[in-house]
Amino acid sequence: SPTPVHVLITGAAGQIGYALAPQVCRGAMLGADVPIVLHLLDIPPAEASLKGVAMELTDAAYPLLKGIVATVDVDEACKGVDIAVMVGGFPRGPGMERKEVMSKNVAIYKGQASALETHANAGCKVVVVANPANTNALILSNYAPKIPKENVTCLTRLDHNRALGQVSEKTGAPVSEVKNVIIWGNHSSTQYPDVNHGEVSGMPIRSAIGDDAYLDGEFVKTVQQRGAAIIAARKLSSALSAASSVCDHVRDWVNGTAPGTWTSMGVVSPGGDDAYGIEEGLMYSFPVTCANGRWSIVPGLKIDDRSRGLMDATAAELKEEKAMAEELIAA
Ligand code: NDP
């Protein structure tokens, strides 16, 4: 039988962790025939709860689940890991400054980077979910120089899927008929959900919807603020859809995107024209295709002036976050 893939989930006792672990065990991330070993990490105050999650996973008797490592020791958690999903992070509490949250997360991601670099398997793929996701991923990458830069990514797939969902609702076409939307930039409210190259049932989205004011206004706002809308409705965050989109992100990365289809991923910008002029070294969400376990930015899309402005604005925010993180590290 095939060797199991070792999947690390940090913050595993949290909301997203609780929704994600069972999806991974059902094969939604790596396939219905790929055995896995789950590595679940959380912090000492969550140890009992983490143990409870591990107990439930045992009780679910998943045929694909070949082992569980549930621990509060980051070195133990990272040993022999092939896929690392970084969900744990310091949450932004009411009234907290962005810089305060950033400083907590810089410390966390610096530490976890070293543990991954030392203990993870060569070729380990990393996806960061915890906010500020792009900048946490950048810190992780900088402090784990032995992990190839292209193996560290952040999640914008939920935003991408939200955009697909909105186009589906608006047109009445099933979501499987909608493709090639793009999330540019930061996983924050400055992200730019772009439908200019997307299709619904083989037709350009703009022609199918026929309402540019909606697509440039309400649509963008709805996608950007969907997380807050779900918290308002559920009184809890959007853990189910976040977990589902983590599985989509890793599955497409490992197994490849469908022909003629791309997805959105936060990846380190290689700079230059191939990266649509986005500064080298920013962790920025681009349209990408994946094949053989590698992503490539979709080349040659025509960018209009309006899009250019929005892409640059979200890049500017990322540049500012990067500078803030660097300042905190130097301090
Ligand atoms: P969640 O599982 O709901 O969220 C975890 C992280 O994912 C948060 O940073 C959250 O950002 C981010 N996130 C990204 N996209 C989404 C989305 N669509 N919906 C919701 N969250 C999203 O948080 P919990 O508090 O339930 O769990 C966090 C876990 O992390 C806990 O078990 C805790 O013990 C652990 N933790 C680990 C730390 C460490 O490793 N040192 C430090 C602190 C906590 P946002 O905050 O912006 O919603």
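Note that ligands are numbered from 1 as they come in the structure, with each ligand's atoms numbered from 1 the same way.
- Residue Ser238 places a heavy atom less than 4.0 Å from ligand 1.
- Every atom of ligand 1 with a heavy atom of Ala130 under 4.0 Å away is listed here by number and element: 6 (C), 7 (O), 9 (O), 12 (C).
- There is no side-chain donor-acceptor pair under 3.5 Å between Ser237 and Gln15.
- Checking each of Thr222, Val220, Leu215 against Glu218 for a side chain to side chain contact (heavy atoms under 4.5 Å, CB included) leaves exactly one that passes, namely Thr222.
- What sits closest to atom 15 (N) of ligand 1 on the protein, heavy atoms only, is His187 NE2, 3.7 Å.
- The shortest N or O to N or O distance between Ile16 and ligand 1 is below 3.5 Å.
- Under a hydrophobic-cluster definition in which Ile, Leu, Val, Met, Phe, Trp and Tyr are linked whenever side-chain heavy atoms come within less than 4.5 Å, directly or via other members, Leu282 and Val288 are assigned to the same cluster.
- Remark: side-chain polar atoms of Asn121 are not paired, donor with acceptor, to backbone N or O of Asp82 under 3.5 angstrom.
- The ligand atoms of ligand 1 that sit less than 4.0 angstrom from a heavy atom of Ile43 are 34 (O), 36 (N), 37 (C), 38 (C), 39 (C), 40 (O), 41 (N), 43 (C), 44 (C).
- The protein heavy atom nearest to atom 42 (C) of ligand 1 is Ile108 CD1, 3.6 Å.
- In this structure, atom 9 (O) of ligand 1 lies nearest to the protein heavy atom Asn131 N, 3.2 Å.
- Contact annotation for atom 25 (O) of ligand 1: protein absent (non-hydrogen atoms, distance under 4.0 Å).
- Taken from CG in Asp216 to CG in Asp211, the straight-line distance is 9.0 Å, to the nearest 0.5 Å.
- Defined by atom type and a distance below 3.5 Å, a donor-acceptor pair is present between the side-chain atoms of Asp304 and Ser307.
- Of the possible donor and acceptor atoms, one in the side chain of Thr171 sits under 3.5 Å from a partner among the backbone N and O of Val167.
- The backbone N or O of Gly300 lies less than 3.5 Å from a partner atom in the side chain of Tyr276, making a donor-acceptor pair.
- Side-chain contact check for Tyr284 and Glu279: no donor-acceptor pair (N or O, by modelled atom type) lies under 3.5 Å.
- Not a single heavy atom of Thr10 sits less than 4.0 Å from an atom of ligand 1.
- Following chains of ILVMFWY side-chain contacts shorter than 4.5 Å, one can reach Leu41 starting from Tyr109, so the two form part of one hydrophobic cluster.
- Gln191 and Thr314 share no side-chain donor-acceptor pair at under 3.5 Å.
- For Gln15, a nitrogen or oxygen atom sits less than 3.5 Å from a nitrogen or oxygen atom of ligand 1, counting backbone and side chain alike.
- Atoms of ligand 1 found under 4.0 Å from any heavy atom of Leu158 (numbered from 1 in listed order, with element): 18 (N).
- For ligand 1, the atoms sitting less than 4.0 Å from at least one non-hydrogen atom of Val87 are 5 (C), 6 (C), 7 (O), numbered in the order shown with element in parentheses.
- The Arg162 neighbourhood of ligand 1 comprises atoms 18 (N), with distances under 4.0 Å to a heavy atom of that residue.
- Using a 4.0 Å cut-off to heavy atoms of Val129, the atoms of ligand 1 that qualify are 7 (O), 12 (C), 13 (N), 14 (C).
- Heavy-atom separations between Ala13 and ligand 1 include at least one value shorter than 4.0 Å.
- Met55 and Val72 fall into different hydrophobic clusters, where Ile, Leu, Val, Met, Phe, Trp and Tyr residues are linked whenever their side-chain heavy atoms come under 4.5 Å apart, directly or through other members.
- In summary, the atoms of ligand 1 found under 4.0 Å from a heavy atom of Gln112, numbered by their order in the structure, are 40 (O).
- Counting protein heavy atoms only, atom 32 (O) of ligand 1 is closest to Asp42 OD2, 2.6 Å.
- If you check which protein heavy atom lies closest to atom 3 (O) of ligand 1, you get Ser237 OG, 3.2 Å.
- Of all protein heavy atoms, the one closest to atom 44 (C) of ligand 1 is Gly89 O, 3.2 Å.
- Of the N or O atoms in Gly14, one or more lie within a sub-3.5 Å distance of an N or O in ligand 1.
- Asp159 places no side-chain N or O within 3.5 Å of a backbone atom of Val223 that could act as its donor or acceptor partner.
- The atoms of ligand 1 that sit less than 4.0 Å from any heavy atom of Gly11 are 29 (C), 30 (O), 32 (O), 35 (C).
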